[in-house]
Novice: 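Attaching a single structure in structure tokens format; questions to follow.
Reckoned from all heavy atoms, side chains included, excluding hydrogens, waters and symmetry mates. Here the structure is a predicted model, which is why all the values come from computation and not from measurement. Just so we're on the same page: letters track the sequence lines, and every chain starts at 1.
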Amino acid sequence: MTVSAPLVSARGISKSFGGVEVLRNVDLDLMPGEVHALLGENGAGKSTFAKILAGVHRPTRGTIELGGKPVEIASPIAAQRLGITLIHQEPISFPDLSVAENLVIGQVGAKPLGRVRWAELAKEARRLMGLLNVPIDVTVPMRGLSIADQQMVEIARALASDSRLIIMDEPTAALTPKEVETLFKIVRRLREEGRTIIFISHRLEEVRAICDRVTIFRDGDKIETATTASLTDADIIRRMIGRPVADYLHRGTSHVGEVALSVRALTLPGRFENISFDIRKGEIVGLGGLVGAGRTDVARAIFGVAPATSGVIEIDGKPVTINEPTDAIGLGIALVSEDRAIAGIFRTLPVETNITAAVPKRIAPKGIIRRTVEKALAKESVEKLSIRLASVRQPIGELSGGNQQKAILARWLLAEPDILILDEPTRGIDIGVKAEFYDMIGELAAGGRAILLISSELPELLALSDRILVMSEGKLTADIPRAEASQETIMHAAVPRSGRHTVSGAAA
Amino acid sequence: MTSIDKNPVAPRVIVREAAAPRPRWQVWLIRPEVVTLLLLVIAAIVATRLSPFFADLGFILESSTYYIEFAIVALVLTIVIISGEIDLSPAAQMALSACLFGTAFKAGAPIPVAMGVSLLSGLVMGAFNGFFVTVLRLPSIIVTIGTLILYRGLAQVLAGDKSISGFPGWFVGIDYRMVGIVPVPVLVFIAASILLGLFLGITIYGRQIYQIGTSEIAAIHAGIRVRRIKMGLFIASGLTSSIAGLMVASRLGSVRYDLATGGELTMVLIVMLGGTYIFGGRGSILGTFLAAWLLVIIATGMTVANIAINAQLTIMGLLLIVSIIATNAIYARSQR
Amino acid sequence: MSEIARLFRAREAGILVMLVLFVAVVSLIQPRFFSTETLRIVLLAVPLILVAAMGQMMVLVARHVDLSIGSILGFSAIAAGMVFRDHPELPLFVGFAVGVLSGAALGFVNGLVVTVFKLPSIIVTLGTLSLYRGLLFILSGSKQIDPNDIPEPLIRMAQTSPIDIPWIVIIAFGVAFATWLFLTYSQIGRQIYAIGSNPVAAPLRGIRVMPVTILVFTLSGALAGLAGLIYAARFGYVNPGITGVGFEFTVIAAVVIGGVSINGGVGSVLGTVLGVLLLGSVQVALPILGVSGFWQNAIYGGIILIALVIDRTVRQGGLRGLLARGGA
Amino acid sequence: DPVSIVYIPKNTGNPYFDSIIKGFEDGCKTLGCEFTTVAPASAEATSQIPFVTAQIQRGVNVVAISPNSPDALNQVFDRARAKGTIILSVNSDMPGNETHRDAAILPVDFTKTGPSQVELLGKQIGYEGEIAILSATTDAPDQNVWIAAMKETLEKDPKYAKMKLVTIAYGDDDPQKSTTETEALLANYPNLKGIISPTTVGVAAAAQVVETAKKADKVKVVGLGTPNQMRRFIENGTVEAFQLWSPYNQGLLAANFAVGVKNGTIKNEAGTVFEVPGLGKVTVEKDSVIKTQADLTTFDKTNIADFNF
Ligand SMILES: Nc1ncnc2c1ncn2[C@@H]1O[C@H](COP(=O)(O)OP(=O)(O)OP(=O)(O)O)[C@@H](O)[C@H]1O
Ligand SMILES: Nc1ncnc2c1ncn2[C@@H]1O[C@H](COP(=O)(O)OP(=O)(O)OP(=O)(O)O)[C@@H](O)[C@H]1O
Ligand SMILES: [Mg+2]
Ligand SMILES: [Mg+2]
């Protein structure tokens with residue numbers, strides 16, 4: 001590695017969100033002309049660290065030096081001025097503006113009243129998209145681009161602003177292998193130009209392919225920085241999750257009963273098509289795939305949030321119609337949704353209210369709320385799931401992510417569902433709570449419930465599932481029995497073959 | 001956690017404790033309703049200072065009847081806003097349903113029938129709003145601006161600018177029917193406040209309305225029938241408006257298309273003064289109840305002190321803006 | 001620009017069709033409607049709405065709304081009128097400056113309150129609607145500006161010009177053209193669309209949301225002020241209790257018909273102009289058809305709702321309440 | 001203690017009522033009564049009610065008011081009178097609800113308004129050709145009385161046989177609407193000779209339109225307007241003449257009557273005759289209606305300069 005002075009050196013960076021500390025005293029040096037990987041489980045703090053460098057978040061504590069000089073990165077604009085660009089994990093775009101405009105809008109140096117030269121703009125845009133050989137018309141509005149294309153536009157934008165530090169937060173999550181290769185070519189060229197790249201990804205093979213050094217985060221702490229070569233995959237994973245994957249003791253497929261949920265040819269155009277699978281009582285079925293594969297949409301369809309346009313859902317062998325979640329709940333289905341902050345909690349309402357939200361009949365048999373009953377139920381749940389809080393009256397927003405998630409799980413356990421759909425249940429919650437979750441999920445299955453576990457974390461899937469379904473581009477591409485399941489088999493089925501992703505709609 | 005403790009390379013497990021909750025006294029004292037109450041007291045004192053004629057309960061109660069119809073609708077509007085929507089059309093609904101009442105009466109329908117017509121119209125108008133909002137998923141704010149113009153326009157088409165009158169004596173003058181010294185409309189308002197307060201406070205529907213207002217998506221995922229409830233609220237708003245319209249008709253003994261013009265501003269003002277959160281999820285009937293009296297005091301106080309209408313408009317506008325700013329600030333504090 | 005053309009072509013075509021159909025139908029019922037005379041009347045009727053509509057359109061594109069323009073119009077007209085009345089010696093443009101600047105100032109206040117306190121513009125401007133009306137009563141001492149206090153040159157602007165198209169018409173369409181240039185070719189113009197299109201992303205993209213938003217409200221105010229002078233020119237007097245009352249609804253109707261999305265990010269000058277022309281034609285058609293004026297509001301309301309439904313169907317983007325605007 | 005009078009016009013900012021107020025003020029100066037005026041922002045039917053109640057509370061002796069509705073104020077008036085407050089309806093009466101007020105001060109003998117307007121226009125167009133009326137709203141009571149009289153005059157009186165009333169348009173007393181309505185009139189009736197607009201907003205709008213269309217010589221505009229509102233059109237020849245009465249005198253008369261009745265020097269009953277300084281003898285007619293003047297005043301180049309209201 002070069003011995004030159006670091007471009008960026010962060011010291012003692014800490015960050016809290018509403019009393020929850022998600023980064024703790026992180027020190028990190030970034031060399032000019034290096035590609036540096038940030039690794040860690042979901043919620044480890046990678047994006048948060050990236051956002052701090054990019055001026056999206058201000059650190060609670062800590063200092064950042066750029067080229068030896070201490071700097072205040074007060075805003076994304078300031079970051080741009082300093083030559084720092086962040087490719088966001090979720091592509092952000094202006095759906096009503098053209099692709100070309102999305103590439104340049106807000107760029108520093110653009111004079112407020114400076115005139116927009118559409119022709120040149122389009123030319124430049126075509127050049128950039130050409131580099132990434134993405135064959136899209138740069139004059140069409142961004143709306144309707146696939147997540148993959150949106151991701152590519154983000155990358156192109158980063159190239160357009162010639163920055164010293166380019167942070168790529170899971171840029172490959174939605175890309176096809178071909179696209180990934182193109183991206184790597186460009187990354188290598190940027191490195192030759194002496195730029196620094198932070199590369200965040202969950203895929204070790206990618207990290208090995210282009211990263212000089214890796215830094216591993218776990219639960220807000222920086223665990224280690226080392227040259228990529230010096231660590232084996234096993235080392236990395238152990239440092240990421242704090243113990244060998246094998247340690248998750250798996251409650252075997254002991255007492256699997258008859259089919260509880262059976263889905264046939266479920267289709268929602270543009271999202272997923274022809275999805276068919278069964279889940280038996282007491283069985284944990286994993287559902288894997290890349291972001292945007294359509295898993296959440298399938299879950300939402302079964303639960304009636306966004307019902308499928310065609311296909312059959314059978315429960316205990318009887319075909320049912322589910323038009324809204326109320327129906328699903330009535331049929332004993334529960335969904336712990338992927339997006340806790342938006343689709344899960346009522347941030348400003350008390351924990352107890354959050355916990356009892358799905359069981360109105362139990363807390364208010366005659367329409368009038370029985371406070372005592374409600375309190376009792378809430379307290380009970382808090383005990384059972386050991387939710388850490390000061391009082392069940394406190395707003396759930398004051399709890400840590402993990403405890404919020406527990407509260408949501410508690411909500412659904414109160415509903416006593418026979419079929420439990422868990423969409424990324426452990427996303428962004430700390431390792432300890434995670435372990436507890438794994439135990440709970442196991443117990444739930446043992447209790448005879450049918451469980452559909454959607455997760456992007458392969459170790460999690462592998463450890464918990466009796467069977468693993470894999471989706472890619474809205475299609476079911478594999479149904480792997482536990483025996484044959486491995487990271488490779490899953491990835492192989494998850495990576496799109498036919499090129500582009502089909503899922504479309506604005507990620508706003 | 002056991003599964004981790006027994007682990008050789010056990011990581012330092014950080015127990016993320018929840019942030020400490022705000023102290024009780026804060027929760028209780030730093031609430032918009034308290035601010036409203038304070039303003040109420042101040043306003044009363046100032047008004048008494050402004051004019052020697054103000055401090056007369058009978059007079060205040062009588063004057064209150066001119067705003068109480070709006071206040072009654074404002075109670076329902078409060079619930080609508082808590083649910084994350086808004087309805088700007090009630091004033092126009094009052095006018096249209098009142099004009100329908102008048103027209104029906106003139107057409108020879110007996111009063112009860114005419115009242116039925118008017119109530120039905122309120123139901124229909126509310127459902128119409130609800131349809132646009134819950135079925136077509138259009139933002140209620142702009143929809144109800146549209147219907148506010150439409151309904152008032154229809155009232156105009158229906159009644160021209162004739163004022164329809166000649167209702168029988170028993171129907172006219174509800175505001176002069178007293179129970180003790182309290183005019184009937186005021187009693188209606190108090191009763192409605194208590195009922196709706198209970199509805200919002202102790203019934204499951206009230207609870208779910210707060211949940212919808214806090215996060216509609218979460219509410220849907222929790223199996224709450226969001227659309228049904230919202231539709232219900234808009235219909236309730238329509239019904240209440242037509243009742244208020246009838247009360248005006250009775251108070252004036254005549255109806256005209258321009259009845260309650262600009263009432264939407266007054267209603268929103270009352271709700272905002274009551275500390276209901278414009279983005280939904282927070283607010284209370286108590287606040288609206290207090291705010292209604294605050295408005296009565298301010299308006300009556302200024303009028304009896306012969307303060308020019310210019311100043312009154314200015315102050316009302318300022319009040320509205322200041323009250324949202326204050327409410328927002330307070331909720332921002334408690335926001336975590 | 002070809003981008004813009006493509007982005008909005010569909011919508012404008014639709015509005016144009018609506019306009020043509022309307023004119024055709026009315027002309028069938030009442031052939032007299034199809035005449036240069038009518039065209040003249042329509043052209044005289046639109047400048048007032050058109051100028052204010054340009055401002056309102058920018059506000060809507062930025063995902064806000066300005067309900068106070070009616071009061072701003074009244075305020076500016078009174079302010080300018082008082083200059084004309086009390087200082088007849090001053091040249092005309094001074095009055096113009098006063099009108100436009102006072103409008104800008106009031107708009108600036110709207111923008112400031114909305115952005116600084118992160119409040120929904122709809123409620124804020126509902127408040128200033130009343131506030132500004134009160135202020136204008138105070139300013140004017142509740143006294144009307146009489147016709148003989150309005151300078152002849154101003155009145156004549158509503159009547160002629162060198163090229164025999166009344167000045168106010170030329171000014172109005174000039175403003176429209178300028179707005180088009182601004183929105184299409186200036187960085188800020190594009191940023192207005194960006195903010196409306198995705199308010200969350202805008203700051204991440206280095207767009208200064210606050211100043212741009214304030215600018216938009218200020219422009220809206222300034223244009224409402226200009227409309228105030230057009231009002232004085234066209235009607236020949238300004239009354240504190242009448243001038244501009246209910247104007248906001250007419251303008252919003254025109255803009256929404258013009259295909260400007262209430263969800264921000266979408267809207268074109270051409271569409272708005274067509275929308276204004278359509279509304280102007282309606283205004284003129286009613287009396288010519290002998291329809292009672294009592295129908296006017298009902299028709300406006302209906303048109304707004306129809307336009308909304310069209311907007312909904314044209315773009316299936318998840319519609320969120322305007323309440324979210326400006327807030328959070 | 002002195003008689004206290006309050007006057008509540010239809011709405012604030014309306015110049016017409018300012019001169020009524022002036023009349024009250026001057027009247028009270030000489031009579032030594034206390035005068036105040038308060039007004040709502042809009043002329044909406046109910047907007048005056050809180051003011052009346054407040055005045056009762058303030059214990060004023062006389063509430064003079066130009067009611068925004070012929071009947072919406074009945075209840076509050078009854079309450080006021082029960083408390084001994086005298087209610088005077090000024091400038092317009094409350095048709096069908098006369099029993100709810102004590103007396104009505106009217107500007108002029110309304111039966112004469114129609115005919116004299118027709119004559120005023122006839123003179124200008126040589127008693128020949130198509131004419132139209134631009135009124136306030138379809139239901140405006142006073143205007144409708146006048147229009148009826150105009151129609152009758154046109155039919156009955158052979159003098160006007162050649163004048164043809166082609167249509168009646170309604171501008172709702174709104175500048176915008178009055179303007180487009182007049183423009184429509186010009187468009188619809190190419191050989192229109194004259195417009196009668198018996199409402200201040202309408203006549204000003206009509207004049208403005210005719211001037212804008214440069215048709216002042218072809219189309220004559222007459223009507224009821226205030227000098228300040230119309231001065232410009234008289235001076236630049238767009239309008240030859242228009243009519244009105246003296247709102248000022250109404251104020252003056254009302255003040256005198258009120259004080260007289262309060263002090264018992266004037267009996268509020270049909271047939272009573274009393275003297276008003278500056279106006280001469282005035283008679284209380286049936287239903288306690290009092291007319292300020294018999295005939296309308298006609299304003300033209302010769303006299304417009306003498307008036308300022
Ligand atoms: N704006 C926010 N408010 C509150 N908590 C947040 C916020 N952003 C992130 N967090 C929390 O901070 C922790 C770290 O989040 P972060 O996105 O940095 O993790 P990550 O390593 O990027 O995970 P992933 O691999 O899923 O992207 C998580 O617990 C998350 O819930
Ligand atoms: N192109 C897109 N634009 C906007 N939202 C999208 C897009 N694709 C997917 N989404 C949404 O993002 C979420 C996740 O995507 P999806 O359900 O399609 O696949 P997934 O496998 O569930 O992805 P994830 O691993 O993020 O859950 C879902 O809510 C989906 O509706
Ligand atoms: Mg991340
Ligand atoms: Mg998902």
Novice: Using heavy-atom distances under 4.5 Å, tell me whether D:Asn188 contacts chain C through its side chain, its backbone, both, or neither.
Specialist: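 Both the backbone and the side chain of D:Asn188 come within 4.5 Å of chain C.
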Novice: May I ask you to test the D:Ser178-C:Phe235 pair for a side-chain heavy-atom distance under 4.5 Å?
Specialist: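 The answer is no, as the side chains (C-beta and beyond) never meet within the 4.5 Å cut-off.
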Novice: Output the distance between atom CD (C:Gln144) and atom CG (D:Asn228), rounded to the nearest 0.5 Å.
Specialist: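 C:Gln144 atom CD to D:Asn228 atom CG measures 8.5 Å (nearest 0.5 Å).
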Novice: With rounding to the nearest 0.5 angstrom, report the CD1 to OG1 distance, C:Ile41 to D:Thr180.
Specialist: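 It comes to 9.0 Å.
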Novice: Please check if the side chain of C:Asn239 supplies one atom and the backbone of D:Asn14 the other of a donor-acceptor pair under 3.5 Å.
Specialist: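 Pair absent, no side-chain N/O of C:Asn239 close to backbone of D:Asn14.
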Novice: Ignoring hydrogens, what is the shortest heavy-atom contact between D:Lys177 and C:Gln296? Give both atom names and the distance.
Specialist: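 Minimum heavy-atom contact is CE-OE1, 3.7 Å.
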Novice: Working to the nearest 0.5 angstrom, can you tell me the gap between D:Gln229 CD and C:Asn148 CG?
Specialist: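 Spacing of CD (D:Gln229) from CG (C:Asn148) equals 9.5 Å.
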Novice: Calculate, to the nearest 0.5 Å, the distance between atoms CZ and OG1 belonging to C:Arg40 and D:Thr212 respectively.
Specialist: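 Going from the CZ atom of C:Arg40 to the OG1 atom of D:Thr212 covers 7.5 Å.
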Novice: When you look at D:Arg231 and C:Asp146, which way does the side chain to side chain contact (heavy atoms under 4.5 Å, CB included) test go after all the steps?
Specialist: CA-CA 9 Å; D:Arg231 179 169 285 105; C:Asp146 286 315; over 6 Å; no
Novice: Report, as yes or no, whether the 6.0 Å neighbourhood of atom NZ on D:Lys151 holds more than 12 heavy atoms from other residues, nucleotides or ligands.
Specialist: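 Check fails, neighbour count at 12 or below.
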Novice: Under 4.5 Å heavy-atom distance to chain C, tell me which part of D:Ala187 shows up: side chain, backbone, both or neither.
Specialist: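 It is both, since atoms from each part get that close.
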Novice: Heavy atoms only: give me the nearest D:Arg232-C:Pro147 pair and the separation to one decimal.
Specialist: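 Taking every non-hydrogen atom into account, CD-O, 3.4 Å.
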Novice: Is the shortest heavy-atom distance from the side chain of D:Gln208 to the side chain of C:Ile155 under 4.5 Å?
Specialist: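 Of all side-chain heavy-atom pairs linking C:Ile155 with D:Gln208, at least one is under 4.5 Å.
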Novice: Using heavy-atom distances under 4.5 Å, tell me whether D:Glu211 contacts chain C through its side chain, its backbone, both, or neither.
Specialist: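 Both backbone and side chain of D:Glu211 come within 4.5 Å of chain C.
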Novice: Check whether C:Ile288 gets within reach of chain D through its side chain, its backbone, both or neither, counting any heavy atom under 4.5 Å.
Specialist: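 For C:Ile288, backbone and side chain are both near chain D.
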Novice: First locate atom OG1 of C:Thr243, then atom CD of D:Gln176, and finally report the distance between them rounded to the nearest 0.5 Å.
Specialist: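 One finds 11.0 Å between OG1 of C:Thr243 and CD of D:Gln176.
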Novice: For C:Phe33, is it the side chain, the backbone, both, or neither that has a heavy atom closer than 4.5 Å to a heavy atom of chain D?
Specialist: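 Interface part for C:Phe33: neither.
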Novice: Kindly indicate, with the supporting measurements, whether the criterion side chain to side chain contact (heavy atoms under 4.5 Å, CB included) is fulfilled by D:Glu183 and C:Glu37.
Specialist: CA-CA 9 Å; D:Glu183 281 162 338; C:Glu37 177 64 5; over 6 Å; no
Novice: Shortest non-hydrogen contact from C:Tyr237 to D:Pro175?
Specialist: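 The pair with the smallest heavy-atom distance is OH-CG, 3.4 Å.
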Novice: Under the criterion side-chain contact (heavy atoms from CB on, under 4.5 Å), which of C:Ser142, C:Ser140, C:Pro240 is the partner of D:Thr12?
Specialist: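 It is C:Ser142, the one option of C:Ser142, C:Ser140, C:Pro240 that forms the side-chain contact (heavy atoms from CB on, under 4.5 Å) with D:Thr12.
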Novice: Side chain from CB out, backbone as N, CA, C, O: work out which of these in C:Gln30 comes under 4.5 Å of a heavy atom of chain D, or both, or neither.
Specialist: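 It is neither, since no heavy atom gets under 4.5 Å.
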Novice: Below 4.5 Å from any heavy atom of chain C, which atoms of D:Thr226 appear? Answer side chain, backbone, both or neither.
Specialist: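 Neither part, no heavy atoms under 4.5 Å.
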Novice: Of the backbone (N, CA, C, O) and the side chain (C-beta and beyond), which part of D:Ala213 lies under 4.5 Å from a heavy atom of chain C, both, or neither?
Specialist: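 The answer is both parts of D:Ala213.
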Novice: Select one option (side chain, backbone, both, neither) describing which atoms of C:Leu286 are under 4.5 Å from chain D's heavy atoms.
Specialist: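 Neither part.
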